Amino acid sequence: MVRFKNRYVLCEVLSDDPRCRQCIEERAVGLAVRDAIGRVHGDYGLACCSISFTVKYLNAYTGTVLLRCRKDAYRLLCSALPFVRHLESRNQRYPCALNTLHVGGTIRTCQKFLIQYNRRQLLMLLQNCTNEEERQCIQKSLLSCSLTEEQSQSGDEEDDDGTE
């Protein structure tokens, strides 16, 4: 049995419209990324990236997206992400952009990076606080940032480790 290695690309959905983040779905992100790959790299790039391409995680509140693709095609995926200009969801078209934050070999490394990234963002917010109540709320959020492993997640990660 051959083990297929994957890469996980952690992205952030950037949009001026706050409704965009709450209305996006995994299917819409997947279709938009596939469309961008097809436009940029043609049929060859689309075929290379579509073999094991999936949207593994989407957090609509923070605008965080985790994409999985084969190890040999992750550069094609990353080079096509800036060409995603809109997401279609529920017959609405929302202008947005995808910003690549991190490329990792496992979901766990992406989670660790995301925790550090969120801490840095919260520290920047802490510096811009105007009153003491906001400061206390952000400090509480900073102290609660941690990576906890649940029983159900540990079983899922074994399946996503690359064995197909």
Side-chain angles (χ1 to χ4, degrees), residues 4-125 128 137-138 141 144-145 147-148 150 152-153 156-157 159-162 164:
F4 295 110
K5 294 189 177 182
N6 296 311
R7 286 291 176 254
Y8 296 90
V9 181
L10 185 65
C11 301
E12 179 181 36
V13 177
L14 302 173
S15 175
D16 294 333
D17 188 10
R19 293 179 299 159
C20 174
R21 284 188 182 172
Q22 291 154 358
C23 295
I24 58 175
E25 301 168 342
E26 289 182 8
R27 183 177 168 274
V29 173
L31 288 174
V33 171
R34 280 192 182 101
D35 182 49
I37 293 170
R39 280 184 286 134
V40 174
H41 299 292
D43 291 337
Y44 173 76
L46 188 60
C48 287
C49 291
S50 293
I51 292 173
S52 70
F53 174 76
T54 56
V55 178
K56 294 301 288 180
Y57 174 74
L58 171 70
N59 189 336
Y61 296 108
T62 60
T64 306
V65 180
L66 186 65
L67 307 170
R68 182 187 77 180
C69 69
R70 295 280 292 269
K71 181 181 178 181
D72 54 351
Y74 84 93
R75 287 189 178 110
L76 293 173
L77 173 68
C78 290
S79 65
L81 288 177
F83 294 96
V84 175
R85 294 288 171 219
H86 64 273
L87 294 174
E88 285 189 36
S89 180
R90 301 180 189 134
N91 296 327
Q92 295 284 335
R93 197 173 221 184
Y94 300 103
C96 69
L98 291 178
N99 180 25
T100 303
L101 298 176
H102 180 73
V103 177
T106 62
I107 294 175
R108 187 174 183 88
T109 58
C110 291
Q111 286 176 332
K112 287 180 181 180
F113 174 82
L114 189 59
I115 289 170
Q116 293 301 317
Y117 177 76
N118 286 335
R119 278 189 181 165
R120 281 180 288 191
Q121 295 295 97
L122 286 171
L123 283 172
M124 288 185 349
L125 284 175
N128 298 332
C137 183
I138 292 175
S141 297
S144 68
C145 289
L147 181 63
T148 59
E150 296 177 9
S152 63
Q153 285 182 343
D156 291 343
E157 191 166 320
D159 294 340
D160 295 335
D161 206 23
E164 291 184 4

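Source: prediction; values computed, not measured.
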So Glu26 and Tyr57, do their side chains get closer than 4.5 Å, heavy atoms only? no
Can you check side-chain contact (heavy atoms from CB on, under 4.5 Å) on Asn118 and Ile115, steps first, answer last? CA-CA 5 Å; Asn118 286 335; Ile115 289 170; 5.9 Å; no
Should Tyr8 and Leu67 count as side-chain neighbours, where that means a heavy-atom distance under 4.5 Å? no
A quick test of your reading: do over 12 heavy atoms of other residues, nucleotides or ligands sit less than 6.0 Å from CZ of Arg75? no
Given side-chain contact (heavy atoms from CB on, under 4.5 Å), test His41 with Ser79 step by step and report yes or no. CA-CA 9 Å; His41 299 292; Ser79 65; 2.7 Å; yes
Would Cys69 and Asn6 count as a side-chain contact (heavy atoms from CB on, under 4.5 Å) if you check the C-alpha gap in whole Å, the side-chain angles of each, and the deciding distance to 0.1 Å? CA-CA 6 Å; Cys69 69; Asn6 296 311; over 6 Å; no
Is Thr109 reaching over with its side chain to a backbone N or O of Thr106, donor-acceptor style, under 3.5 angstrom? yes
Does the side-chain contact (heavy atoms from CB on, under 4.5 Å) test come out yes or no for Leu66 and Val55, once each step is laid out? CA-CA 6 Å; Leu66 186 65; Val55 178; over 6 Å; no
With rounding to the nearest 0.5 Å, note down the distance linking CZ in Arg70 to CG in Leu76. 12.5 Å
Just verifying a value: how many Å separate Cys48 SG and Ile37 CD1, rounded to the nearest 0.5 Å? 10.0 Å
Expected list for residues 91-101: side-chain donor-acceptor pairs under 3.5 angstrom, two or more places apart:
residue	atom	partner	partner atom	Å
Arg93	NE	His86	NE2	3.0
Arg93	NH2	His86	NE2	2.7

Is a donor on one side and an acceptor on the other found under 3.5 Å between the side chain of Arg39 and the backbone of Phe83? yes
CZ of Arg7 to OG of Ser52, rounded to nearest 0.5 Å, is 11.5 Å
Taking all heavy atoms of Arg120 and all of Phe113, pick out the closest pair and write down the distance. NH2-CE1, 3.9 Å
Rounded to the nearest 0.5 Å, how far apart are OG1 of Thr64 and OH of Tyr117? 8.0 Å
N/O donor-acceptor pair under 3.5 Å between Arg27 side chain and Ile24 backbone: no
Hey, does Lys112 have a side-chain heavy atom less than 4.5 Å from the side chain of Gln116? no
With a 4.5 Å cut-off on side-chain heavy atoms, are Val33 and Leu77 touching? yes
Between Val84 and Ala36, what is the shortest heavy-atom contact and its length? CG2-CB, 3.7 Å
Any idea which heavy atoms bring Leu87 and Ala32 closest together, and the distance? CD2-CB, 3.5 Å
